[in-house]
Amino acid sequence: MLDIVTPIGEQIRKLFNLLTVKYKYYHNELSEKQHIEFEPVGLNVNSLEQIGLVASICYHIQSGLWSASIQALKELLPDSMVDFEDDQNIKNYFSGDEYAEGDKRKEHFQKQRNPFILEVLANCMLYCVEVTPNLHLTLKAMNRIHLDSKIQGLDAAALASTEDLDYYIIIGEAKNRETPSQGTAEAFEAFKKHDSGKTWADIRQLICIVSDAAQLSDYDGVLLSRKLSRKSIWEGKFIYRLTIEHQSANPHGGSQFKDFSACTVNVFEAERRQCESFGTERLTEFYDKVSQMIVEYIVGKGKGVIA
């Protein structure tokens, strides 16, 4: 059953807590820490509670009920009166009913619906920065999740800060390629461009929008977006995150991310390279269950069923 009453921010946090995330470092041949890998050991594709949380979060996001500020997400009470047309569009998105041909429906699931749900999980995992050793960060704001995977841009972007309001920029990618290594390679290529400064203008613009929407300001009382004008200020303040969907039920061990450090040469702390694999038979069953719950909720509304 979908939860349309609890603020979306509380649901995201609850889902993260249920994932019972653990972490471990990946070391190179010299026993040097290279990156940190998080493992959602509590993920249960058969848990109705977890399916319901992901379905509720997906429904709220698709309904336009989203805010950049973490605090606002915790306080926002979703409006249960979603337009009928919006409901039908959401239903079609998760059911694939508008695609009569089986191949087109499968392609929609693989290239649109499934990547969207994976991005929801990736944004939930942004809370890993709060349990990352040595950083002592609190998540402050996050960008909107892409409703269309064809839209260019970061799959996840967020701001976190220390108690002294020392801000960090979180840049994330989520990949669900048929061959997991292909997705990892694509993400690392993107990280390499970000790390070199070639995409700083795009990142600056995006983070300015996020910070303004979240009404964040720096420790001097100057708008954070003004501080973002110079990349040199942010050296050592980028955190790169990669979330992949993996075929293996047990893909962990860090080796699939072994090139992380080579693609982010300006990152000197392993804690600022973060990654995780969701390896549960490609999550196909989970995606279908989440989608089915959303569709059944919308159909139920049409029949006068109160959720």
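Every value quoted in this text rests on a predicted model; they were computed, and no experiment measured them.
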Rounded distance (nearest 0.5 Å) linking atom CD1 of I170 with atom CD1 of I207: 8.5 Å

For the student: nearest non-hydrogen atoms of I298 and K91, plus distance: CD1-N, 3.7 Å

Shortest non-hydrogen contact from C124 to I12? SG-O, 3.7 Å

Backbone of G42 reached by a side-chain donor or acceptor of Q50 within 3.5 Å: yes

Do you know which two heavy atoms are closest between A174 and E119, and how far apart they sit? CB-CG, 4.1 Å

Between E276 (side chain only) and E39 (backbone N and O only), is there a donor and an acceptor less than 3.5 Å apart? no

Can you hop from Y127 to V131 via hydrophobic side chains spaced under 4.5 Å? yes

Strictly under 6.0 Å, is that where the ring centroids of H108 and Y93 end up? yes

State, yes or no, whether a side-chain contact exists between I36 and Y26 at a heavy-atom distance under 4.5 Å. no

For side-chain contact (heavy atoms from CB on, under 4.5 Å), just list the numbers for V120 and I145, CA-CA rounded to whole Å, side-chain angles, deciding distance to a tenth of an Å, and then say yes or no. CA-CA 7 Å; V120 169; I145 295 177; 4.0 Å; yes

Could you check whether R105 pairs with E107 (Lys NZ or Arg NE/NH1/NH2 to Asp/Glu carboxylate O, under 4.0 Å)? no

Verify side-chain hydrogen bond (donor to acceptor under 3.5 Å, both in side chains) between T162 and H136, making sure each step is shown before the conclusion. CA-CA 6 Å; T162 64; H136 311 293; over 6 Å; no

F94 and F116: CA distance, side-chain angles, deciding distance, side-chain contact (heavy atoms from CB on, under 4.5 Å) verdict: CA-CA 10 Å; F94 287 99; F116 169 74; 3.8 Å; yes

State, to 0.1 Å, how close R272 and N266 come at their nearest heavy-atom pair, and which atoms those are. NH2-O, 3.9 Å

Donor-acceptor pair, distance only, cut-off 3.5 Å: does the side chain of Y168 make one with the backbone of A158? no

Would you mind checking if R177 and E186 are paired as a salt bridge, meaning a charged N to carboxylate O distance below 4.0 Å? yes

Please check if atom CD in E98 has more than 12 non-hydrogen atoms from other residues, nucleotides or ligands closer than 6.0 Å. yes

Linked, directly or transitively: I4 and V299 (ILVMFWY side chains, under 4.5 Å): yes

N114 side chain to T284 backbone, donor-acceptor under 3.5 Å: no

side-chain contact (heavy atoms from CB on, under 4.5 Å) between I117 and C58: does it pass, once the steps are laid out? CA-CA 7 Å; I117 298 176; C58 288; 4.1 Å; yes

Distance col, row E163:CD vs S161:OG, nearest 0.5 angstrom, shows 9.0 Å

Looking only at heavy atoms, which two atoms of F278 and L43 are closest? And how far apart? CD2-CD2, 3.4 Å

Taking the side chain as every heavy atom from C-beta outward, state whether I203 and H194 have any pair of such atoms under 4.5 Å apart. yes

Taking the side chain as C-beta and beyond, is there a heavy-atom pair between N134 and E269 under 4.5 Å? no

Report yes or no: do Y25 and E271 form a side-chain donor-acceptor pair below 3.5 Å? yes

Donor + acceptor pair across side chains of E32, N28 (<3.5 Å): yes

Walk me through it: do M142 and N123 pass the test side-chain contact (heavy atoms from CB on, under 4.5 Å)? CA-CA 8 Å; M142 62 176 71; N123 276 263; 3.9 Å; yes

State yes or no: do F109 and I90 share one hydrophobic cluster built from I, L, V, M, F, W and Y residues joined by side-chain heavy-atom distances below 4.5 Å, directly or via other members? no

Indicate whether the side chain of T132 and that of Q274 have a donor and an acceptor atom separated by less than 3.5 Å. yes

Under 3.5 Å, side chain of E75 to main-chain N/O of P7, donor-acceptor pair present? no

Following the transitive rule for hydrophobic clusters with a side-chain heavy-atom cut-off under 4.5 Å over Ile, Leu, Val, Met, Phe, Trp and Tyr, establish whether L53 and L121 coincide in one cluster. yes

Going by distance alone, is a donor N or O of one side chain under 3.5 Å from an acceptor N or O of the other, for T184 and Q256? no

CG on L135 to CD on E130, rounded to 0.5 Å: 11.5 Å

Report yes or no: does T20 contribute a side-chain atom to a donor-acceptor pair with the main-chain N or O of L18 at less than 3.5 Å? yes

Between the main-chain N or O of D97 and the side-chain N or O of N92, is there a donor-acceptor pair closer than 3.5 Å? no

For the residue pair Y59 and Y297, is the inter-centroid distance of their aromatic rings smaller than 6.0 Å? yes

Any Y167 side-chain heavy atom under 4.5 Å of K237 side chain: no

What is the distance from atom NZ of K74 to atom OG of S69, rounded to the nearest 0.5 Å? 9.0 Å

Check: I244 main-chain N/O paired with S277 side-chain donor or acceptor under 3.5 Å: no

Have T6 and Q11 got a donor and an acceptor in their side chains that come within less than 3.5 Å? no

Is there a donor-acceptor contact under 3.5 Å from the side chain of D164 to the main chain of D166? no

At their closest point, which heavy atom of R273 faces which heavy atom of T264, and how far apart are they? NE-OG1, 2.7 Å

Do the two ring centres, one from F260 and one from F191, sit under 6.0 Å apart? yes

Assess whether atom NZ of K193 is packed by more than 12 heavy atoms of other residues, nucleotides or ligands within 6.0 Å. no

Cationic N near anionic O, under 4.0 Å, E49 to K14: yes

Within one Ile-Leu-Val-Met-Phe-Trp-Tyr cluster: I294 and Y99, side-chain cutoff 4.5 Å: no

Hey, does L159 have a side-chain heavy atom less than 4.5 Å from the side chain of L139? no

Find out whether I169 and W234 are in side-chain contact, i.e. whether some heavy atom of one side chain is under 4.5 Å from a heavy atom of the other. yes

Rounded to the nearest 0.5 Å, what separation is found between the CG atom of L242 and the SG atom of C263? 10.5 Å

For the side chain of R241 and the backbone of C275, is there at least one donor-acceptor N/O pair under 3.5 Å apart? no

Can you measure from CD (Q71) to NZ (K140) and round to the nearest 0.5 angstrom? 8.5 Å

Does NZ belonging to K104 count more than 12 external heavy atoms closer than 6.0 Å? no

Contact between R144 and I61 at the side-chain level, heavy atoms closer than 4.5 Å - yes or no? no

Would you call V54 and F286 a side-chain contact if the rule is heavy atoms closer than 4.5 Å? yes

Are N46 and K289 linked by a side-chain donor-acceptor pair shorter than 3.5 Å? yes

Quick one: is the NZ or CZ of R13 closer than 6.0 Å to the six-membered ring centre of F16, and within 45° of its axis? no

